[in-house]
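Everything on this sheet refers to the single structure shown next.
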Amino acid sequence: MGPEATLHHTSATLRNGSIVRTPFWHIDSGQPGEALMLIAAQHGNEVQGCEVIRQFKDLCEVDLRAGSVWLVPFANVPAVQHRRSHISLGPEQPYSQDEGHNMNRTWPGDPMGNDTERVASSIHEAVARNCTRCLDLHSWSRFTATATLTRRDGGVAQQMAAASAIRFVQWRTHPANGHGTPCTIGALFNDSGRGAITIELAPQWVIRQKEVSLGMRVATNLAKLFGMMDGEMELIDEQVCTERHDKEDEERTHEVKSPCRGLFVEADLETSDRVEEGQYLGHLIRDDVLETVELTAPATGYLWVYGSHRANCDVALPPQHPYTDTGDLLATVIEP
Ligand SMILES: [Zn+2]
């Protein structure tokens with residue numbers, strides 16, 4: 001056996017005087033090295049990363065050779081208990097309805113702020129400020145592929161993105177809410193020269209072993225990248241890297257939009273799958289003349305987006321309904 005995990009709790013006093021204690025594991029190899037933070041469930045409906053962290057803790061207890069790991073599987077315990085992304089949201093309310101309680105925008109937190117800011121602050125003080133690297137685990141809807149998000153910094157963040165071995169990498173040039181704080185925990189780390197990446201393990205609301213395995217590979221590869229574990233990283237043949245609003249990247253991005261109204265029947269495909277130009281992607285059953293309209297891949301590449309969906313499909317059921325309007329996006333294929 002290697003080093004043993006110890007359990008600790010942060011403590012945040014909420015506005016009504018009650019206390020939120022956020023549990024975390026700390027594992028110290030006893031040797032010098034990076035202090036790697038893993039954090040999951042900042043959004044209470046994004047829970048795949050919680051199991052990644054549980055499994056990674058077991059691995060570290062056997063294989064951690066250098067540095068230390070700080071593992072926060074439930075960053076936003078009140079939101080997990082609320083079963084929604086933020087503590088303040090009700091049924092079908094999108095994340096953007098209350099950015100003030102969006103923990104992902106609160107770092108480094110505020111001990112005198114709202115309850116979410118107070119919880120974030122307690123985690124920052126007890127964990128984040130001790131750490132030199134960060135892996136932030138999120139999830140988005142099943143209609144967008146699992147992806148690594150970070151900066152194209154020519155340095156540690158980019159090395160971490162390559163080591164993530166996730167098919168899609170989306171470069172994010174600026175923190176979503178501009179420069180300065182409060183910001184995402186990834187921006188907080190990257191702005192201070194400590195590398196961070198975010199992984200979106202699709203989808204939200206469920207825990208699937210296939211996604212957990214991807215998350216475990218990310219965490220293990222990062223530990224190997226930083227010399228914290230022995231062995232070779234397990235990489236993939238090619239990654240598809242894009243930057244939002246980049247002209248060249250848009251040229252290798254091909255959208256499939258619905259030519260008519262009808263019910264979209266998916267082929268046996270998922271986001272991240274490789275498709276060949278001309279490959280069958282599914283069909284529409286028109287609800288006016290009952291015709292079948294087949295859709296095919298416009299290029300060879302990987303499915304970045306797949307399935308009939310509309311805005312807020314991550315928090316509500318009707319936007320996930322396969323009934324499709326003319327012009328709705330059904331698939332996006334990106335060439336590597
Ligand atoms: Zn999230």
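Both backbone and side-chain heavy atoms feed into the values below; hydrogens, waters and symmetry mates do not. Count residues from 1 along the sequence. Both counts, for ligands and for their atoms, begin at 1 and track the order of listing.
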Throw together a table of side-chain donor-acceptor distances under 3.5 angstrom for residues 229-239, partners on residues two or more places apart or in other chains.
residue : atom : partner : partner atom : Å
Asp230  : OD2  : Arg65   : NE           : 3.3
Asp237  : OD1  : Arg167  : NH1          : 2.9
Glu238  : OE2  : Arg274  : NH1          : 3.2
Glu238  : OE2  : Tyr302  : OH           : 2.7
Gln239  : NE2  : Ala161  : O            : 3.1
Gln239  : NE2  : Ile166  : O            : 2.9

For residues 314-322, which side-chain donor-acceptor pairs fall under 3.5 Å, sequence neighbours excluded?
residue : atom : partner : partner atom : Å
Gln320  : NE2  : Cys313  : O            : 2.9
Gln320  : NE2  : Ala316  : O            : 3.2
His321  : ND1  : Tyr323  : N            : 2.9

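- A distance-only check finds no donor-acceptor pair linking the side chain of Asp325 to the backbone of Asp328 [under 3.5 Å].
- Near-neighbour remark for the Zn ion (ligand 1): protein N, O or S atoms under 2.8 Å are His43 ND1, Glu46 OE1, Glu46 OE2, His138 ND1; waters not counted.
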Residues 131-138 side chain polar contacts: donor-acceptor under 3.5 Å, at least two apart:
residue : atom : partner : partner atom : Å
Thr132  : OG1  : Glu34   : OE1          : 2.6
Thr132  : OG1  : Ala35   : N            : 2.9
Thr132  : OG1  : Ala35   : O            : 3.3
Arg133  : NH2  : Glu34   : OE2          : 3.3
Asp136  : OD1  : Gln42   : NE2          : 3.0
Asp136  : OD1  : His138  : NE2          : 3.2
Asp136  : OD2  : Gln42   : NE2          : 3.2
Asp136  : OD2  : His138  : NE2          : 2.9
His138  : ND1  : His43   : ND1          : 3.4
His138  : ND1  : Glu46   : OE1          : 3.1

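- Side chain of Thr181 to backbone of Cys183: no donor-acceptor contact under 3.5 angstrom is found.
- Listed for the Asp249 side chain is a donor-acceptor partner under 3.5 Å among the backbone atoms of Glu243.
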